[in-house]
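What follows is one structure encoded as structure tokens, with my remarks underneath.
All residue numbers refer to positions in the sequence shown, counting from 1.
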Amino acid sequence: MVQAISTSSCCNILFSKSHRSTSPHSLHRFNHYSPSFAHRISTGVQRKAVELPLPETVTQQVQNKEQRKTQFALENLTSWLLKQELAGNIDAELTVVLSSISLACKQIASLLQRSSIINLTGGQGTINVQGEDQKKLDVISNELFCNCLRSSGRTGIIASEEEDVPVAVEETYSGNYIVVFNPIDGSANIDTALTTGSIFGIYGPDEQCLIDLDDNSTLDKAREKCIINVCQPGRNLLVAGYCLYSSSVVFTISLGKGVFAFTLDPTYGEFVLTHENIKIPESGKIYSFNEGNYDLWDNKLKNYLDHLRQPGSNGKPYSGRYIGCLVGEIHRMLLRGGIYGNPKNKNSKNGNLRLLYECAPMSFLIEQASGTAIDGVQRILDIVPEQVHQRTPIFIGSPDEVQKLQKYLA
């Protein structure tokens, strides 16, 4: 049984051993720091202890400490990839491949920043398999990509814009991933220090197509098997991404579960997570077409462009923006919305962009960000390439904007 204690005796017990005076002034000072406890004493009722509010200065110190933690708690690409591996989204082999690609992008970014200083502007004096004049950095960047992928030991086949045919990697001792890439997109912008980028996609091996040479195989057969292995539809992509070289160097990637962007911090030389789970706006007021080809387009597309130029309900037309670099167009679109188009015309019946290593990876990214990508008739990711360097028209961007375009093209 609990015996009740009177208020006076309680106070005597509480302060009998105190060296301080129990004068009213002393009790007033105590009440100032512990009002709830003093109230319990004055009423003679026993209560549970309550949490007292911290003084303002202490609260501010805690907040400042949390802010400091947030400021320095940066997540780089390597740690993010390891988390994805632990979560089962990728395996250890693919982590190594992606790390090697990020290294190639850092090297290319460094060369681009110093291109005018170290005489890497201008043409190489050679022509690639598609009849295009190669820039010096086209050749060097392709070599950097290939070397990084070979040294990873996890890449089975490499297919590049600058290579005539896909190449089987002899250095592979684990993993058979197929990596397709355009080492420098928008290389015409290099000499004027404008936006450029790199595009890549990664496929798993086709189990029906083996590239190992047996005693009866020839080099031509091996190449043919490589080509068959590489020519997969974009829906088979495991990973797609790009690296933007502009005022910032931004490495954007999708593993099939959202789109994430990492910005290169030159202080540490690391890609740091800056944009998490990007979602493209459902609509936008920016269109990007090379309107120099306007007279070469069909009438349906012309009517669509004419519509975009007319003032809308807000009294303003769409804004026309054209960078001349697919990476730059897609990066802006992911963050701002809108539509990009590279259609077929009278001189280019199949469009200008390559399906395998440009349109398919970008379409994969846009769809992962809830956007839409079509060739004017069907979904880009459903097209099965018949050739490594096959071209295709493309319209890509915010779902509402692509849907509006489809009504004009129908």
Heavy-atom side-chain contact between Leu356 and Gln390 under 4.5 Å | no

Donor-acceptor pair between Ser187 and Asp138 side chains, under 3.5 angstrom = yes

Quick check, are the ring centers of Phe271 and Phe251 under 6.0 angstrom apart?
-> yes

Report yes if the side chains of Pro385 and Gln232 come closer than 4.5 Å at any heavy-atom pair, otherwise no.
-> no

Has the side chain of Arg235 got a donor or acceptor atom that lies under 3.5 Å from a matching backbone atom of Pro233?
-> no

Heavy-atom nearest pair, Ala261 first then Val250, reads CB-CG1, 3.9 Å

In Å, rounded to the nearest 0.5 Å, how long is the span from CE of Met333 to CE of Met362?
-> 9.5 Å

Evaluate the criterion side-chain contact (heavy atoms from CB on, under 4.5 Å) for residue pair Cys243 and Val249; output intermediate values, then yes/no.
-> CA-CA 7 Å; Cys243 190; Val249 179; 3.6 Å; yes

Going through the distances and angles, do Asn342 and Tyr340 end up as a side-chain hydrogen bond (donor to acceptor under 3.5 Å, both in side chains)?
-> CA-CA 7 Å; Asn342 196 312; Tyr340 168 80; 3.3 Å; yes

Classify the ring geometry between Tyr318 and His307 as parallel (under 30°), tilted (30 to 60°) or perpendicular (over 60°).
-> tilted

Using atom types as modelled and distance alone, determine if a side-chain donor or acceptor of Ser348 lies under 3.5 Å from a backbone N or O of Asn345.
-> no

Side-chain contact, heavy-atom cut-off 4.5 Å: Thr372 with Ile366?
-> no

Between Arg321 and Glu329, is the closest basic N to carboxylate O distance under 4.0 Å?
-> no

Approximate separation, where rounding is to 0.5 Å, of Cys325 SG and Arg332 CZ | 10.5 Å

Lys279 NZ: over 12 foreign heavy atoms closer than 6.0 Å | yes

Taking atom types as modelled and ignoring hydrogens, do the side chains of Glu282 and Ser398 form a donor-acceptor contact shorter than 3.5 angstrom?
-> no

Side-chain H-bond candidate by donor/acceptor type, Tyr287 with Ser319, under 3.5 Å = no

Heavy-atom count around Gln378 CD within 6.0 Å, excluding the residue itself: above 12?
-> yes

Closest approach of Leu301 to Pro343 (non-hydrogen atoms, all atoms of both residues) = CD2-CG, 3.4 Å

Looking at side-chain heavy atoms only, is the closest gap between Asn147 and Leu144 below 4.5 Å?
-> no

Checking Arg391 side chain against Asn352 main chain: does a donor-acceptor pair fall under 3.5 Å?
-> yes

More than 12 heavy atoms of other residues, nucleotides or ligands under 6.0 Å from NZ of Lys106: is that the case?
-> yes

Looking only at heavy atoms, what is the nearest atom pair of Leu237 and Phe364, with distance?
-> O-CE1, 3.6 Å

Flag the pair Arg150 / Thr155 as yes when at least one side-chain heavy-atom distance between them is below 4.5 Å, and no otherwise.
-> no

Quick one: are Leu326 and Ile330 in side-chain contact, heavy atoms under 4.5 Å?
-> yes

Verdict with supporting geometry, Val327 and Ser198, side-chain contact (heavy atoms from CB on, under 4.5 Å) = CA-CA 7 Å; Val327 171; Ser198 298; over 6 Å; no

Passes side-chain hydrogen bond (donor to acceptor under 3.5 Å, both in side chains), Asp265 versus Thr267? Steps please.
-> CA-CA 5 Å; Asp265 187 335; Thr267 306; 3.2 Å; yes

Over 12 non-hydrogen atoms of neighbours within 6.0 angstrom of CD in Glu171 | yes

Report yes or no: is the cationic atom of Lys404 (NZ for Lys, CZ for Arg) closer than 6.0 Å to the six-membered ring centre of Tyr304, at no more than 45° off its axis?
-> no

Does atom CZ of Arg336 have more than 12 heavy-atom neighbours from other groups under 6.0 Å away?
-> no

Residues two or more places apart in sequence or in another chain: which of them pass side-chain contact (heavy atoms from CB on, under 4.5 Å) with Lys83?
-> Glu75

What is the distance from atom CG of Leu353 to atom CD1 of Ile394, rounded to the nearest 0.5 Å?
-> 6.5 Å

For residues 108-116, please give each side-chain donor-acceptor pair under 3.5 Å, one per line with the distance, not counting sequence neighbours.
| from | atom 1 | to | atom 2 | distance (Å) |
| --- | --- | --- | --- | --- |
| Ser110 | OG | Arg114 | NH2 | 3.4 |
| Arg114 | NE | Ser110 | O | 3.4 |
| Ser115 | OG | Leu112 | O | 3.1 |

Minimum heavy-atom distance Ile253-Phe262, with the two atoms named | CG2-CE1, 3.9 Å

Should Tyr245 and Leu194 be marked as a side-chain contact (heavy atoms from CB on, under 4.5 Å) after you check the CA-CA gap, both sets of side-chain angles, and the distance that decides it?
-> CA-CA 9 Å; Tyr245 311 113; Leu194 298 178; over 6 Å; no

Would you kindly say whether Tyr408 and Asp306 are connected by a side-chain donor-acceptor distance under 3.5 Å?
-> no

Are His275 and Phe260 an aromatic pair by the rule of ring centers under 6.0 Å?
-> no

Any side-chain heavy-atom pair from Ile339 and Leu405 closer than 4.5 angstrom?
-> yes

Between Asn277 and Gly258, which heavy-atom pair has the shortest distance, and what is it?
-> OD1-CA, 3.8 Å

Are Asp375 and Lys344 close enough for a salt bridge, meaning some N to O gap below 4.0 Å?
-> no

Side chain Asn303, main chain Asn299, donor-acceptor under 3.5 Å = yes

Tell me, with the steps shown, if Lys135 and Asp191 meet salt bridge (charged side-chain N to carboxylate O under 4.0 Å, His left out).
-> CA-CA 9 Å; Lys135 299 289 185 180; Asp191 293 353; 3.7 Å; yes

dist Ile157:CD1 -> Leu149:CG (nearest 0.5 Å) comes out at 12.5 Å

Distance, nearest 0.5 Å, that separates CD1 of Ile278 from NE2 of His331 | 7.0 Å

To the nearest 0.5 Å, what is the distance between OG1 (Thr121) and CG (Asn119)?
-> 6.0 Å

Do Pro399 and Val402 have side chains that get closer than 4.5 Å, going by heavy atoms?
-> no

Heavy-atom closest contact (Ala369 atom, Leu334 atom, distance) | CB-CD2, 3.6 Å

Chi angles and distances behind the side-chain contact (heavy atoms from CB on, under 4.5 Å) call for Asp91, Leu94 | CA-CA 6 Å; Asp91 59 23; Leu94 194 50; 3.3 Å; yes

Is it the case that Asn142 and Ser160 place a side-chain donor and acceptor less than 3.5 Å from each other?
-> yes

Out of Tyr357, Phe200, Phe181, which one pairs with Phe145 under the ring pair (Phe, Tyr, Trp, His ring centres under 6.0 Å) rule?
-> Phe181

With sequence neighbours excluded, what pairs up with Glu291 under the salt bridge (charged side-chain N to carboxylate O under 4.0 Å, His left out) test?
-> Arg309

